[in-house]
Each structure stands twice: as C-alpha cells, then as structure tokens.
Peer 1: 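Structure below; questions to follow.
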Amino acid sequence: MQEKQRDSLILLGSTGSIGVQTLDVASRLDVPVDALCAHRDVDRIEAQARAFGVRACAMGDEQAAKELKVRLADTPTRVYGGEQGILDMVRESPAKIALNSIIGEAGLLPTLAVLDSDKQLALANKESLVVAGEIVMARAKQKGIHIRPVDSEHCAVAQCLMAGRSREVRKIILTASGGPFFGKTREELRFVRAKDALAHPTWSMGQKITIDSATMMNKGFEIIEASYLFDLPQSSIDVVVHRESIIHSMVEYIDYSIMAQMAVPDMRHCIQHALTDPTREPGVIKPLDLADVGSLTFARPDEETFSMLRLAREAMQAGGAMPAVLNAANEVAVAAFLRDEISFCTIFDAVEQTVNDLSSASGAHTLEDILEYDRQARRLCGEHLTNRGI
C-alpha cells in the first residue's frame with residue numbers, strides 16, 4: 001500500500017526552541033517543510049532553509065531579510081522581509097498547515113493570516129489567544145478550522161477530552177512545574193537575577209517563556225488560552241503544581257473521574273500530536289517508565305507570592321483588551337529583567353500597576369482598539385520601569 005503523502009508545513013518562528021524541535025519532528029516524520037520565518041537569526045535560518053530545501057523564508061527584520069536574500073541567492077528560495085512579508089508568505093504558500101511558534105504578541109497577525117488563508121493552525125503562540133482570543137476563535141469558527149494546541153498543557157487537555165462529551169466536563173486542571181522558585185516567598189525573591197530564573201527544573205525552553213514560568217505568568221496565560229480553546233469559564237480551570245512534569249494536565253468529569261495525560265517532559269510529543277492529529281503514530285520521544293519516576297507530587301500554587309495567576313484571572317474576567325494589556329506589560333517587564341535592568345519582583349509590581357492604570361481596556365473589542373491598548377500598555381509599563389529601576 002502506498003504511504004500517504006504528508007501535508008507540507010509552514011513553520012513560523014523556526015529559529016526558537018519550539019521551531020528547532022518542530023524541524024526535528026518534521027525530519028523524523030518526513031513532513032515536507034514549505035516555508036520558514038524568523039526575526040533576525042540569519043545564520044540559523046539559512047542553515048534550516050538549505051537543510052529542508054524550502055520554497056520560501058521570511059524575516060521580520062528588513063535588514064536581516066536583505067542579508068538572507070544574498071546568502072540564499074544560489075537557491076530557488078524566495079525571501080520575504082518585514083512584518084507584512086511574513087503575512088504575504090503565509091497567504092501565498094501552498095502548504096496546508098502552519099505551526100506558529102513566534103514569541104509574544106508579534107504572533108497574532110500571523111495567526112489570523114493562517115486562518116484567513118484556510119490553512120490548518122497548530123498554535124504554540126499562546127499570546128494570539130491571550131491578546132485577541134475572541135477574535136481568533138471567531139475567525140477559526142467562521143473558517144471551520146479546529147485549532148491544534150501545541151502547548152503541553154493544552155495538548156494534554158485535548159487528549160483527555162476524548163474520554164467524554166463536552167457537557168460532561170466539570171473542570172480542567174492545568175499542571176505547573178512551579179519553576180525554579182517554588183516555595184520561595186516574595187522577600188526571598190528580591191535579589192534573584194536572570195541567570196537564577198532561567199534555571200528551569202524540568203523543561204528546556206526559550207528565555208522569555210522560562211521567565212514567565214518562574215513568575216507563573218505562563219500559567220496565567222494558559223488559563224486564558226484554555227478558556228478560549230475549550231469554551232470554559234476561567235472559574236472552571238484550576239492549576240496544580242506538579243514538580244515532576246509527568247502529568248501534563250487533567251480533565252475532571254461530572255462523575256468526578258479524572259483523566260490525565262502523561263509523558264516524559266519533551267515538547268516534541270505535543271508537536272508530533274499537532275502535526276499528525278487526528279491519528280497517532282509511533283513516538284519520537286522516549287517512553288515513560290513510571291517505576292523509574294517513582295512518585296508524583298501535587299501542591300496548590302502560592303497566588304500571593306506569584307500574583308500573576310490572580311492578575312490573569314482578573315484580566316480574563318474583565319474581558320476586552322485587559323488580557324492584551326497584561327501581556328504587553330509583561331513582555332516589556334520581562335525584557336527589562338533579562339537585560340538586568342530591573343529586579344525580579346519589579347516584574348510583578350510594574351505589570352500590576354500597568355493593568356490598574358488601563359482598566360478602561362475592558363471595553364475594547366475590535367482588533368484596532370486591542371492593538372492600541374497594547375501600545376499604551378507598553379509605553380506605560382516602560383515608564384513605570386524607568387521610575388522603579390532595580
């Protein structure tokens with residue numbers, strides 16, 4: 001019997017952690033890669049383009065695009081430049097699926113471009129749903145596209161939901177590793193620096209998401225993301241700290257049975273699931289040996305110390321552009337922390353102050369208004385950081 005032809009792939013954010021792992025999975029599964037995009041890492045994307053023989057590449061940075069075009073002049077690869085170039089590449093690609101792993105709010109317009117192009121969307125860019133979840137989900141529904149989540153937690157929930165019907169779901173339980181500072185008080189966190197926060201106990205991720213894991217903002221974003229993806233109020237989404245990162249999330253049904261999805265902590269499992277859904281294929285990760293793991297532990301998150309969880313729930317409850325404000329302020333604060341310009345605890349304070357300053361954002365629902373509040377939040381948070389410093 002002839003083997004089924006794989007759909008070709010657009011990979012957005014190919015030089016980041018998820019992008020690199022996606023290309024590893026694609027090579028193992030013989031998934032053809034049609035197009036790649038990155039921001040400015042010319043060296044890595046050139047190597048990727050040559051290794052996979054892609055039809056097109058896009059660089060968010062215009063100067064990087066010019067350099068890449070010169071480097072790939074001996075190949076048939078077309079190079080697009082700038083934010084508009086990324087959107088054009090998505091729309092013009094014949095690929096049938098796109099995996100969006102762009103970091104931050106910059107991934108929103110590419111997400112909408114994928115949906116508008118009637119392509120299947122595998123979503124690793126959680127900010128698309130945090131910033132404009134109502135708009136993204138409405139667009140997906142209009143196009144008849146089922147978004148395939150790539151986050152380990154939401155991929156796990158999607159699998160657990162196969163055990164029952166949507167009306168039988170009581171709640172979703174997202175697991176959190178707790179990051180490198182589990183059990184610490186706010187006082188103990190006063191003097192930590194970027195190198196401390198980047199030492200994640202179980203996952204190997206990019207710098208931005210690793211800091212978000214340390215503050216637990218990442219889990220706050222995942223509450224918002226899960227609410228949109230699975231059409232549940234945030235009050236029906238719990239978080240439990242699970243240090244071993246073996247259970248990736250759970251679903252509790254109305255009869256109080258709980259379905260859990262378990263695997264070794266390796267993002268390639270979620271990527272494979274998104275690329276092969278709705279079928280399962282032999283895994284690209286190592287199998288889980290429960291006897292080797294020994295024990296699994298659980299704890300409630302400390303929402304007083306890690307206040308981002310509370311802020312995320314409040315932003316989701318307020319609605320409108322409030323989650324976008326939360327995300328924008330967090331992006332600005334985390335970038336400053338990674339540059340060693342502010343302390344770790346200043347992230348919490350500056351983000352909360354910015355959210356409080358822009359409470360009017362709850363009334364914004366159009367894409368234009370949401371993006372305007374995003375810009376205001378970035379400016380205000382920058383001003384708060386300048387006033388606070390280390």
Side-chain angles (χ1 to χ4, degrees), residues 126 130 152-153 173-224 226 234-235 237-249 265 295-317 322-323 325-357 380-381 384-390:
K126 58 173 56 66
V130 171
S152 63
E153 294 80 5
I173 305 168
L174 301 176
T175 55
S177 70
F181 304 133
F182 174 69
K184 301 289 187 185
T185 64
R186 188 66 71 92
E187 179 64 26
E188 290 174 306
L189 296 176
R190 284 182 59 204
F191 301 107
V192 303
R193 290 292 179 262
K195 62 181 177 61
D196 307 308
L198 289 170
H200 197 279
T202 50
W203 291 97
S204 176
M205 305 176 290
Q207 288 192 336
K208 163 60 165 59
I209 193 171
T210 303
I211 301 302
D212 284 347
S213 178
T215 64
M216 293 200 76
M217 183 76 269
N218 189 51
K219 208 54 52 179
F221 286 157
E222 288 172 4
I223 292 171
I224 297 172
Q234 58 88 13
S235 58
I237 302 168
D238 285 351
V239 173
V240 63
V241 176
H242 170 54
R243 297 291 283 166
E244 296 80 13
S245 297
I246 296 299
I247 295 177
H248 299 299
S249 278
S295 62
L296 303 175
T297 61
F298 306 94
R300 290 184 176 85
D302 176 2
E303 296 195 22
E304 182 176 346
T305 298
F306 300 95
S307 56
M308 297 299 201
L309 281 172
R310 171 180 56 80
L311 284 177
R313 289 191 184 279
E314 291 174 354
M316 183 69 186
Q317 187 69 30
M322 288 308 298
V325 168
L326 178 71
N327 173 73
N330 182 68
E331 285 191 20
V332 171
V334 169
F337 175 69
L338 285 168
R339 295 191 299 267
D340 285 324
E341 294 174 358
I342 62 170
S343 69
F344 185 72
C345 291
T346 299
I347 299 175
F348 298 94
D349 298 335
V351 171
E352 183 156 13
Q353 188 171 357
T354 303
V355 168
N356 290 338
D357 287 346
L380 275 175
C381 187
H384 294 323
L385 295 178
T386 299
N387 294 335
R388 287 173 177 271
I390 292 179

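Just so it is clear, the structure is predicted and the values come from calculations on it, not from any experiment. Excluded from the calculations below are hydrogen atoms, water molecules and symmetry mates; all remaining heavy atoms, backbone and side chain alike, are included.
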Peer 1: Below 4.5 Å, heavy atoms only, C-beta onward: do I209 and K126 meet side chain to side chain?
Peer 2: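 In contact.
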Peer 1: Would you check if M308 and N330 make a side-chain contact, meaning some heavy-atom pair closer than 4.5 Å?
Peer 2: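 Result yes, sub-4.5 Å side-chain heavy-atom pair found.
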Peer 1: Between F181 and F344, does the ring centroid distance fall short of 6.0 Å?
Peer 2: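 Yes, they do, as the ring centres are separated by less than 6.0 Å.
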Peer 1: Locate the shortest heavy-atom distance separating C381 from A329; write the atom from each residue and the value.
Peer 2: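 In this case the closest contact between C381 and A329 is SG-O, 3.3 Å.
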Peer 1: Hey, does the Lys NZ or Arg CZ of R186 hover above the aromatic six-ring of F348, less than 6.0 Å from the centre and inside 45° of the axis?
Peer 2: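 Pair R186/F348 counts as cation-pi.
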Peer 1: Starting at CG of L309, measure out to CD of E314 and round the result to the nearest 0.5 Å.
Peer 2: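 L309 CG to E314 CD: 11.0 Å, rounded to 0.5 Å.
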Peer 1: For a quick test of reading the model, state the closest non-hydrogen atom pair linking M322 to A315 and the distance between them.
Peer 2: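 Between these two residues, the closest heavy atoms are CB-O, 3.7 Å.
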Peer 1: Would you say the side chain of P265 lies within less than 4.5 Å of the side chain of I246, judging by non-hydrogen atoms?
Peer 2: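 A side-chain contact exists here, since the closest heavy-atom pair is under 4.5 Å.
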Peer 1: More than 12 heavy atoms of other residues, nucleotides or ligands under 6.0 Å from CD of Q317: is that the case?
Peer 2: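 No.
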Peer 1: Under the criterion salt bridge (Lys or Arg N to Asp or Glu O under 4.0 Å), which of E352, E304, E303 is the partner of R310?
Peer 2: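 The residue from E352, E304, E303 that satisfies salt bridge (Lys or Arg N to Asp or Glu O under 4.0 Å) with R310 turns out to be E352.
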Peer 1: Do the side-chain N and O atoms of T210 and S213 include a donor-acceptor pair separated by under 3.5 angstrom?
Peer 2: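 Per modelled atom types, T210 and S213 side chains form no pair under 3.5 Å.
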Peer 1: Compare all side-chain heavy atoms of P301 with those of V240 and state whether any distance is below 4.5 angstrom.
Peer 2: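 No, their side chains stay 4.5 Å or more apart.
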Peer 1: Do F337 and I211 touch side chain to side chain, with heavy atoms closer than 4.5 Å?
Peer 2: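 Yes, close enough: below the 4.5 Å cut-off.
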Peer 1: Would L326 and L311 count as a side-chain contact (heavy atoms from CB on, under 4.5 Å) here? Give the steps.
Peer 2: CA-CA 8 Å; L326 178 71; L311 284 177; 4.0 Å; yes
Peer 1: Between N327 and E331, is any side-chain donor less than 3.5 angstrom from a side-chain acceptor?
Peer 2: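 Yes, E331 and N327 have a side-chain donor paired with an acceptor closer than 3.5 Å.
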Peer 1: Closer than 3.5 angstrom, by distance alone: can the side chain of H242 be matched with the main-chain N or O of I247 as a donor-acceptor pair?
Peer 2: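 A pair under 3.5 Å: yes.
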Peer 1: If I take atom CG from residue L174 and atom NZ from residue K219, how far apart are they, to the nearest 0.5 angstrom?
Peer 2: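 Going from the CG atom of L174 to the NZ atom of K219 covers 6.0 Å.
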Peer 1: Say whether H384 and D357, considering side chains only, have a donor N or O and an acceptor N or O under 3.5 Å apart.
Peer 2: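 A pair is found: one side chain offers a donor N or O, the other an acceptor, under 3.5 Å apart.
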Peer 1: For R243 and G179, indicate whether the former's side chain and the latter's backbone hold a donor-acceptor pair under 3.5 Å.
Peer 2: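 Yes, the answer is positive, given that a donor and an acceptor are paired below the 3.5 Å cut-off.
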Peer 1: Do E244 and T297 get their side chains close enough for a donor-acceptor pair, meaning under 3.5 Å?
Peer 2: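 A pair is found: one side chain offers a donor N or O, the other an acceptor, under 3.5 Å apart.
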Peer 1: So, N218 and E222: side-chain donor and acceptor under 3.5 Å apart, yes or no?
Peer 2: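 Judged by distance alone, the side chains do pair up.
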Peer 1: Check whether T175 reaches the backbone of H248 with its side chain - one donor and one acceptor, N or O, closer than 3.5 Å.
Peer 2: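 Yes, T175 side chain to H248 backbone: donor-acceptor pair under 3.5 Å.
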Peer 1: Quick one: does T305's side chain get under 4.5 Å of M216's, heavy atoms only?
Peer 2: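 Sidechains of M216 and T305: no contact.
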Peer 1: Could you walk me through whether L198 and L338 satisfy the side-chain contact (heavy atoms from CB on, under 4.5 Å) test, starting with their C-alpha distance in whole Å, then the side-chain angles of each, then the deciding distance to 0.1 Å, before giving a yes or no?
Peer 2: CA-CA 9 Å; L198 289 170; L338 285 168; 4.3 Å; yes
Peer 1: Does atom NZ (K208) have a neighbourhood of more than 12 heavy atoms from anything else shown, all under 6.0 Å?
Peer 2: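 For K208, atom NZ is crowded (more than 12 foreign heavy atoms under 6.0 Å).
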Peer 1: Please examine the side chains of F306 and L189, heavy atoms only from C-beta on, and report whether any two atoms are closer than 4.5 Å.
Peer 2: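 Touching, per the 4.5 Å side-chain cut-off.
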Peer 1: Is any side-chain heavy atom of D340 closer than 4.5 Å to a side-chain heavy atom of R193?
Peer 2: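 Sidechains of R193 and D340: in contact.
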